[in-house]
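One structure is given here, and the rest of the page talks about it.
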Amino acid sequence: MELNIYAWIILITILISTVLDFVSDYLNIKNLKKELPEEFRGVYSEEKYVKSQEYLKERTRFGLISSTFSLLLLLVFWFAGGFNYADVLVRSVTDNYIYQGVLYMAGLLVAQSILGTPFSIYSTFVIEEKYGFNKTTPATFIMDRVKSILLGALIGLPVLAGLLYLLHSFGEWSWLYGWVGVTLISFALQFVAPTWIMPLFNKFTPLEDGELKEEIFKYANKVDYSLKYLFVMDGSKRSAKSNAFFTGFGKNKRIALFDTLIEKHSTGELVAILAHEIGHFKKKHIIKSMVISVLHTGALFYIMSLFLSNQLLFDAFYVDNIGLHTGLIFFSLLFSPIENILSVVMNVFSRKNEYEADRYAAETTGNKDDMINALKKLSEHNLSNLTPHKFFVFMNYSHPPVLDRIRAIKSI
């Protein structure tokens, strides 16, 4: 089959992206150091340090196998005419463009989920189990899948149907209506997710009274942060890894601590971790990220409107009929190299924010050691790579390497 200019652009950029990922992974593995960094002596045992490197190697190898499979699957489906076959099939079922789009997208997502399930099973029950992280039972794994499918059906499909309607009904201004619609839904989910969606997967329990709660609220009052919702999440239900996160906004904002985090850290370290999360709020990182996201979505919809009816784009995938549902997929593949560049830029922005949040935590708690010790323990418990290659960091890291963060805090 002959390839037109759009097909060549998409194919070449996909291959370049794959090569860059392979190179960054290779450099990252080659950059591993046999000697434990001085900063982590007394935190990492030599045995645990070796284990962290083996974990990185195994996760990297598995990631390469998984991504190669996904690439081959896409190329085979593409050049075998799979996109057109699926389009003809849904058009034979219904003439309604919304139903066609919903059936098409749902069919592809279900097929992708089925084909990806063996990889998820291996990652969870073999690799994570081998390194002592997995706490997920087969029942929990299955229920997570069922809940995700049901959520996709109850939320994702109506949203897709609404988007198809907007893009079909308002002519040259369809992109603007689509942008506004998606933005409003995103904001709505910020309110709905913490209260209704996240509790479907994890149990959120208010932090019990005691020294930790007292110290956290004491700190929050000190920095004039209105802390209403502070929860402990049963992260141990699925993994031994630990974390904390901030979600929601306005009166619905809340902070959640993994139960595994509380088990492994002192009160001072936990306050420092919370101070870091509050630092993101105080430094307006969340608002800035939301503004950038909204503007990015708007630009995406406008550029997409220029290609959705482009015959050459559909010819590139050997699809006979122009349709919104296929156009959305083809545009996402065409735009993916720009998205990859934007993700690198956003990672630079994110790493800067992390440094600022670390500094805020160290300065407002008045104790640099608590933040440093918290970072060290998090790295040890999660078997983090202590010496990632600079190119890998540039391409993939939303957070600075832990040694860089520690040095930055010490320099305050």
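Closest of all the heavy-atom pairs between Ala240 and Gly132 is CB-O, 3.6 Å. Considering all non-hydrogen atoms of both residues, Asn84 and Asp320 come closest at OD1-N, 2.9 Å. Listed here is the closest heavy atom pair of Phe258 and Ala244: CD1-N, 4.5 Å. The minimum heavy-atom distance between Ile197 and Leu151, with the atom names listed, is CG2-CD1, 3.8 Å. Between Ala316 and Trp78 the shortest heavy-atom distance is O-NE1, 2.8 Å. Taking both residues in full, the closest heavy atoms of Glu269 and Asp370 are given as CG-O, 3.6 Å, listed atom of the first, atom of the second, then distance.
In this structure, CG in Leu160 is found 13.5 Å from CD1 in Ile155, a value given to the nearest 0.5 Å. One distance of note links CD of Glu38 with CG of Leu403; it measures 11.0 Å at 0.5 Å rounding. The CG atom of Leu274 sits 8.5 Å away from the CG atom of Leu261 when rounded to the nearest 0.5 Å. Here the OG1 atom belonging to Thr183 is positioned 9.0 Å from the CG atom belonging to Leu295, to the nearest 0.5 angstrom. Expressed to the nearest 0.5 Å, how far OG of Ser174 lies from CG of Leu324 amounts to 8.5 Å. Atoms CG and CG, from Leu257 and Leu207 in turn, are 7.0 Å apart once rounded to the nearest 0.5 Å.
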With side chain to side chain contact (heavy atoms under 4.5 Å, CB included) as the criterion, how do Thr124 and Phe141 come out once you've worked through the C-alpha distance, each side chain's angles and the decisive distance to 0.1 Å? CA-CA 9 Å; Thr124 302; Phe141 184 87; 4.2 Å; yes
Which is it for Phe83 and Phe330 under the ring-ring contact (aromatic ring centres under 6.0 Å, His included) test, yes or no, and what are the steps along the way? CA-CA 10 Å; Phe83 288 108; Phe330 302 155; 5.3 Å; yes
Check against side chain to side chain contact (heavy atoms under 4.5 Å, CB included), His265 and Leu378: CA-CA 9 Å; His265 291 268; Leu378 280 168; 4.0 Å; yes
Walk me through it: do Glu354 and Tyr397 pass the test side chain to side chain donor-acceptor pair (under 3.5 Å)? CA-CA 11 Å; Glu354 294 302 322; Tyr397 270 40; over 6 Å; no
Test log, rule side chain to side chain contact (heavy atoms under 4.5 Å, CB included), inputs Ile121 and Val126: CA-CA 8 Å; Ile121 291 172; Val126 178; over 6 Å; no
Check the pair Leu375 / Ile409 against side chain to side chain contact (heavy atoms under 4.5 Å, CB included), numbers first and verdict last. CA-CA 11 Å; Leu375 289 173; Ile409 293 169; 3.7 Å; yes
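Looking at Leu75 and Leu11, their side chains come closer than 4.5 Å, going by heavy atoms from C-beta outward. Looking at heavy atoms from C-beta onward, Tyr55 lies in side-chain contact with Ile127 at the 4.5 angstrom threshold. For the pair Thr326 and Tyr104, the minimum side-chain heavy-atom distance is below 4.5 Å. By the 4.5 Å heavy-atom criterion applied to side chains, Glu46 and Arg41 are counted as neighbours. Using a 4.5 Å cut-off on side-chain heavy atoms (C-beta onward), Arg351 and His399 make no contact. Considering only heavy atoms from C-beta on, Leu386 comes within 4.5 Å of Leu36 through its side chain.
Within 6.0 Å of the CZ atom in Phe77, the count of heavy atoms belonging to other residues, nucleotides or ligands exceeds 12. At most 12 non-hydrogen atoms from other residues, nucleotides or ligands lie less than 6.0 angstrom from OH of Tyr302. With a 6.0 Å radius and a threshold of 12 heavy atoms from other residues, nucleotides or ligands, Lys51 has its NZ atom above the threshold. For CZ of Phe22, the number of neighbouring non-hydrogen atoms (other residues, nucleotides, ligands) closer than 6.0 Å is 12 at most. Counting heavy-atom neighbours within 6.0 Å of Tyr131 OH, excluding the residue itself, gives a total above 12. Within a 6.0 Å radius of CZ in Phe391, other residues, nucleotides and ligands contribute more than 12 heavy atoms. In this structure, Phe349 places its CZ atom where more than 12 heavy-atom neighbours from other residues, nucleotides or ligands lie under 6.0 Å away.
Side chains of Glu129 and Asn134: a donor-acceptor N/O pair is present below 3.5 angstrom, by distance only. Under the 3.5 Å distance criterion, with hydrogens and angles disregarded, no donor-acceptor pair is assigned to the side chains of Asn353 and His280. The closest side-chain donor-acceptor pair between His285 and Glu356 falls under 3.5 angstrom. Side-chain contact annotation: Tyr49 with Gln53, donor-acceptor N/O pair under 3.5 Å present. Checked by atom type, the side-chain pair Ser398/Asn347 shows no donor-acceptor distance below 3.5 Å. Between the side chains of Glu39 and Tyr44, no donor N or O sits under 3.5 Å from an acceptor N or O. Checking Ser120 against Thr117 by side-chain atom types alone, no donor-acceptor pair falls below 3.5 Å. For the residue pair Tyr122 and Ser66, no side-chain donor N or O sits within less than 3.5 Å of a side-chain acceptor on the partner. Between His325 and Asp87, the side chains place a donor N or O and an acceptor N or O closer than 3.5 Å (distance only, hydrogens not considered).
Ring geometry, Trp175 versus Trp179: the interplanar angle falls under 30°, so the pair is classed parallel (tilted spans 30 to 60°). Ring orientation note: the planes of Phe119 and Phe62 are tilted relative to one another, at an angle of 30° to 60°.
For residues 303-315, the side chain to side chain donor-acceptor pair (under 3.5 Å) pairs, not counting sequence neighbours, are Tyr6-Asn310, Gln311-Asp315. Applying the salt bridge (Lys or Arg N to Asp or Glu O under 4.0 Å) rule to pairs touching residues 199-215 yields Asp209-Lys213, sequence neighbours excluded. Screening residues 134-151 for salt bridge (Lys or Arg N to Asp or Glu O under 4.0 Å), with sequence neighbours left out, gives Asp144-Arg238. Judged as a side chain to side chain donor-acceptor pair (under 3.5 Å), the pairs with a partner in residues 15-24 (not counting sequence neighbours) are, in order, Ser17-Asn340. Counting only residues at least two apart or in different chains, side chain to side chain donor-acceptor pair (under 3.5 Å) contacts with residues 287-301 comprise His296-Glu339.
Ion pairing between a basic and an acidic side chain is recognised when a charged N comes within 4.0 Å of a carboxylate O; Glu363 and Arg359 show such pairing. Salt-bridge formation is detected for the pair Lys57/Glu54: a Lys NZ or Arg NE/NH1/NH2 atom is positioned less than 4.0 Å from an Asp or Glu carboxylate oxygen. A salt bridge links Glu58 and Lys130; the closest N-O separation between the charged side-chain nitrogens and carboxylate oxygens is under 4.0 Å.
Remark: Asp404 pairs with Arg407 by the salt bridge (charged side-chain N to carboxylate O under 4.0 Å, His left out) rule, at least two apart or across chains.
Checked by atom type and distance alone, the side chain of Lys410 never pairs as donor or acceptor with a backbone atom of Asp369 at under 3.5 Å. Using modelled atom types, no side-chain atom of Ser113 and backbone atom of Leu109 make a donor-acceptor pair closer than 3.5 Å.
Aromatic rings of Phe335 and Phe307 (six-membered ring for Trp) have centroids beyond the 6.0 Å cut-off, not under it.
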